[in-house]
Amino acid sequence: MEPRKELPKRIGFWLNEKKCKKFNVPEFVEECRKKNMEVIKLLLHEPLQPQGPFDVILHKITPIYAQALDANQEACLLASAFEQYLLSVPSVPVVDPVPALHTLLHRPATYALLHAITAHDDQVMTPPYVELPDTNMRTKKQLLAQAGVTFPIVCKPVFGCGGTAAHELAVVLSASRLTEWQGPCVAQSFVQHGAVLYKLYVLGDAWHLVVRPSLKNFRATDAPTVHFNSSKVSKADSCSPLTQLDQSDRAMRHPQPDNSVFDRIVRTVRESLSMDLLGIDVVIDSSSGQYAIIDVNPFPSYDSIADLMPCFATLLFEKIQQRSCGHVLSASSINDLLPARGGRRQDSAGIDIPALLRARGHLPRLQCGEDSRTDDSHEGNSSPNTITQATYNTEDARSSAAAAGGEENSCIQTDSSSTTNSKICSSSGKKNTSCDSNSFTDRKSCSSSGKKESNYGENDATVTMNTMNAAHEKTLNGRYRKELSENKGCIENAVFQTNGINVTLSHDNGISERKKTCDAAAKNVINSTDIKQNTNGPANIIAQNGIIMTSNGKRSDSSGIFDESQSKNDLKSDQNAQLNIKCTNIASKCCYELDEMQNEVHHITNNTITDGITHSLKGCLYSDQCEDDCAGYAEKHSKCDAYCNLDLASHTEGSCSCSPACDVSKTNVLCTYSAGSPSAAGASSSQPYPSHVMSSVSSSSTLQQR
Ligand SMILES: Nc1ncnc2c1ncn2[C@@H]1O[C@H](COP(=O)(O)OP(=O)(O)OP(=O)(O)O)[C@@H](O)[C@H]1O
Ligand SMILES: O=P(O)(O)O[C@H]1[C@H](O)[C@H](O)[C@H](OP(=O)(O)O)[C@@H](OP(=O)(O)O)[C@@H]1O
């Protein structure tokens with residue numbers, strides 16, 4: 001008897017029309033067919049669930065986000081529905097995961113990540129940068145100076161993907177020409193690089209090097225600002241005068257690229273983002289020879305790469321295979337290894353795009369996958385109710401998961417009525433109809449049930465939950481994946497730290513992640529190993545017995561409080577440390593307050609300054625900003641006033657500053673240390689990359705399979 005032919009595997013696929021044309025969909029479909037896979041175009045305007053099931057999903061959803069960020073309500077709803085659908089099928093591999101895209105959409109988040117992952121590499125860096133709000137010149141100059149950004153600078157729109165506007169850039173050659181850039185931007189030091197751009201096209205485990213034209217060398221002069229669209233400068237067919245080196249630069253020797261460094265960059269960036277489809281743009285500094293990562297793009301063009309479609313089909317085929325063998329998806333596997341190498345997880349490094357959208361007034365509450373907090377819930381006194389923390393025994397977790405019995409809406413939650421050990425239950429053990437994985441509102445109510453801790457010794461897992469984002473099965477780590485994978489919906493933003501294994505269940509933005517770690521640190525529930533292996537902020541912070549040590553070796557006292565003068569002088573450039581220090585100093589509720597601050601930030605952003613954590617903190621805290629906006633703040637943001645202990649009301653325009661009366665024990669740190677900038681943080685050290693990375697380097701410059 002003929003063996004029964006297996007049904008084709010189903011690839012859910014979405015690209016916008018423009019990308020479809022570029023991508024050569026017919027060839028892709030044909031290559032997939034050869035591997036017994038059929039390609040089904042997702043209809044985003046229709047319910048996605050009935051279009052499935054899918055064995056893998058391939059997409060480039062970023063243009064939809066770009067439209068959403070441009071106040072397009074429909075796009076916002078589509079993005080939200082897409083995310084919700086992915087959440088409802090957590091075991092389906094997604095190429096690429098949405099949380100990582102959130103990071104890449106937002107240039108400051110991307111550069112913060114790049115900065116962190118290159119901090120210990122002497123040969124690789126990302127140029128100093130700072131997010132500049134649309135503010136007065138003096139403030140802009142100060143921000144640039146604080147971040148160590150030097151002229152010439154490249155000004156880039158804050159959001160880096162999607163429409164044409166995201167690619168309208170400018171080279172500003174001197175401070176006096178800053179007025180020639182309108183609106184907020186990310187300003188980045190220009191790196192002289194001999195007009196050569198190296199594009200590293202990553203496709204799963206393979207990468208490909210393509211050399212492209214790039215901007216010529218610019219030097220600081222008083223010449224007018226050079227506006228350009230990046231799509232006209234560094235594409236395969238670009239032929240712009242801006243990429244023609246001046247005569248005097250032509251004789252300059254340009255450093256030869258080293259594939260082993262590219263390989264290291266690819267590996268590090270890919271691991272930090274858990275993505276398979278990436279374009280990484282690198283230039284080599286003509287004088288220092290350092291490799292500068294200037295941009296990272298999701299699902300790039302792969303222009304001029306031969307045999308692209310078979311490679312795509314193979315990648316998706318492997319994803320499906322790995323899933324059916326019970327293996328983790330490759331990107332997740334790599335991510336799983338990260339904590340053991342002190343790496344960072346991407347999914348908590350991203351920016352909370354739905355929150356941003358909402359803050360900009362583009363999004364009615366709850367329509368884009370946001371939590372259900374009302375404005376009232378932003379009040380500080382509600383804080384204890386919105387973080388749920390439980391330390392629990394992994395055996396319990398296992399039985400809870402088992403109790404969940406595959407139920408869609410199972411959850412782990414703590415019992416707010418219990419004052420002793422927290423109870424971890426599944427929704428089937430303790431049915432909670434509000435644990436609906438399709439509703440952020442409900443999730444919030446799942447995880448807002450109080451804050452309890454219990455400790456079961458060495459094998460404990462620490463779970464910190466809050467309400468902002470959704471669980472991602474793919475991020476579950478090691479042996480806990482199985483136990484917890486059924487707990488969809490309610491384990492939100494959980495960080496599991498147990499026996500040196502870290503598990504982050506959800507995507508989150510950087511500050512919330514730090515908040516959680518800080519919260520844990522303040523309670524002494526994580527040890528130095530845990531925190532060292534933790535992600536994002538904690539990457540350069542070590543806490544032991546309450547002592548917090550920053551990357552530059554400063555130690556707090558045993559309550560995690562830094563000597564003020566020490567922190568002023570030594571910590572101000574350490575962004576991650578700052579945040580933790582702030583948390584620590586604001587004591588037990590601090591973490592929540594920071595979170596609230598972040599929300600507050602968005603309000604500020606919306607009304608006055610700009611988005612982004614750094615600025616918003618500055619918005620709250622900075623005297624120079626106060627000078628401009630003091631009255632406005634006092635009126636609109638009295639909460640800032642409360643947090644910072646700034647007596648804004650008594651300041652008149654032009655004289656507002658951090659109040660000397662700041663309560664040092666509580667909030668002075670907030671006033672004092674917001675001066676640092678991410679780009680100034682963590683100067684590179686001589687610590688090399690692990691040898692196994694080096695040894696995996698191939699010398700070929702075509703597709704390199706590791
Ligand atoms: N810091 C920098 N120093 C020197 N040149 C830079 C720098 N940043 C950007 N450039 C130049 O500007 C071009 C576009 O920059 P960038 O890649 O950041 O823009 P983009 O809009 O994100 O581009 P893409 O189309 O790749 O998404 C680069 O290819 C390079 O030529
Ligand atoms: O030449 P590359 O592959 O870098 O071209 C990319 C470009 O870098 C941007 O990433 C574009 O993406 P968006 O920012 O999302 O517009 C890509 O556009 P796409 O139309 O191919 O998705 C370019 O290809």
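From a predicted model like this one, the values you see are computed outputs, not experimental measurements. Atoms within a ligand are numbered from 1 in the order they appear, just like the ligands themselves.
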Open item on the list: Give the atom numbers and elements of ligand 2 that come within less than 4.0 Å of a heavy atom of Y201.
Closed with: 1 (O), 2 (P), 3 (O)

TODO: For A292 and ligand 1, answer yes if some heavy atom of the residue is under 4.0 Å from a ligand atom, otherwise no.
DONE: no

- [ ] Look only at interatomic distance and state if V191 has a nitrogen or oxygen under 3.5 Å from any nitrogen or oxygen of ligand 1.
- [x] yes

TODO: Can you sort out which atoms of ligand 1 are near D281, meaning under 4.0 Å from one of its heavy atoms?
DONE: 17 (O), 26 (O)

Task: Proximal candidate to atom 2 (P) of ligand 2 [heavy atom criterion; set S301, A66, C20] - done: S301

Open item on the list: Contact between ligand 1 and V154 is defined here as a heavy atom of the residue under 4.0 Å from a ligand atom; is it met?
Closed with: yes

Open item on the list: On a heavy-atom basis, I'd like to know which of G279, S214, S234 is closest to atom 29 (O) of ligand 1.
Closed with: S234

Open item on the list: Could you check whether any heavy atom of Q192 sits closer than 4.0 Å to an atom of ligand 1, since that is the contact criterion I want to use?
Closed with: no

TODO: Would you check whether K19 has a nitrogen or oxygen atom less than 3.5 angstrom from a nitrogen or oxygen atom of ligand 2?
DONE: yes

Open item on the list: When you compare the side chains of S240 and S238, does any donor N or O come within less than 3.5 Å of an acceptor on the partner?
Closed with: no

- [ ] Examine H167 against ligand 2 and note whether any of their N/O atoms are separated by less than 3.5 Å.
- [x] yes

Open item on the list: Is a donor from one side chain sitting under 3.5 angstrom from an acceptor on the other, for Y201 and S301?
Closed with: yes

- [ ] Kindly confirm or rule out an N or O of S231 lying under 3.5 angstrom from an N or O of ligand 1.
- [x] no

- [ ] Would you mind finding which of Q188, R107, K156 brings a heavy atom closest to atom 9 (C) of ligand 1?
- [x] K156

- [ ] Considering only non-hydrogen protein atoms, determine which one is nearest to atom 24 (P) of ligand 1 and report residue, atom name and distance to 0.1 Å.
- [x] D295 OD2, 3.5 Å

TODO: Please work out which of the three classes, parallel, tilted or perpendicular, describes the rings of W181 and H227, given edges at 30° and 60°.
DONE: parallel

Task: ligand 2 to R212 polar contact by distance, N or O atoms, under 3.5 Å - done: yes

Open item on the list: I'd like to know if the side chain of D222 pairs up with that of S176 as donor and acceptor (distance under 3.5 Å, no hydrogens or angles considered).
Closed with: yes

- [ ] May I ask whether K235 has any heavy atom positioned less than 4.0 angstrom from an atom of ligand 1?
- [x] yes

Open item on the list: Closer than 4.0 Å to some heavy atom of K22 - which atoms of ligand 2 meet that?
Closed with: 18 (O), 19 (P), 20 (O), 21 (O), 23 (C), 24 (O)

- [ ] Starting from atom 4 (O) of ligand 2, find the nearest protein heavy-atom neighbour and note its residue, name and distance.
- [x] K199 NZ, 2.7 Å

Task: D285 (side chain) donor-acceptor with Q290 (main chain) under 3.5 angstrom - done: no

Task: Cation-pi check, K21 onto F23 ring (under 6.0 Å, within 45° of axis) - done: no

- [ ] Please answer whether the main-chain N or O of T225 pairs with a side-chain N or O of E180 as donor and acceptor at a distance below 3.5 Å.
- [x] yes

Open item on the list: Which of the numbered atoms in ligand 2 are under 4.0 angstrom from any heavy atom belonging to C161?
Closed with: 14 (O), 15 (O)

Open item on the list: Side chains of Q123 and R264: any donor to acceptor distance under 3.5 Å?
Closed with: yes

- [ ] Return yes or no for this condition: an N or O of L215 is under 3.5 Å from an N or O of ligand 1.
- [x] yes

Open item on the list: Does the residue G160 have a heavy-atom contact with ligand 2, meaning some pair of atoms that are separated by less than 4.0 Å?
Closed with: yes

Task: Heavy atom of F23, distance to ligand 2 below 4.0 Å - done: no

Task: Side-chain H-bond candidate by donor/acceptor type, S260 with D258, under 3.5 Å - done: yes

Task: Close approach of Y129 to ligand 1, heavy atoms, under 4.0 angstrom - done: no

Task: Region of E168 engaging ligand 1 - heavy atom pairs below 4.0 Å - done: neither

Open item on the list: Between D70 (side chain only) and N72 (backbone N and O only), is there a donor and an acceptor less than 3.5 Å apart?
Closed with: no

Task: ligand 2 atoms in contact with P300 (distance to a heavy atom under 4.0 Å) - done: 3 (O)

Open item on the list: Suppose I only count heavy atoms of N297 and a 4.0 Å limit; which atoms of ligand 2 are within that range?
Closed with: 4 (O), 8 (O), 10 (O)

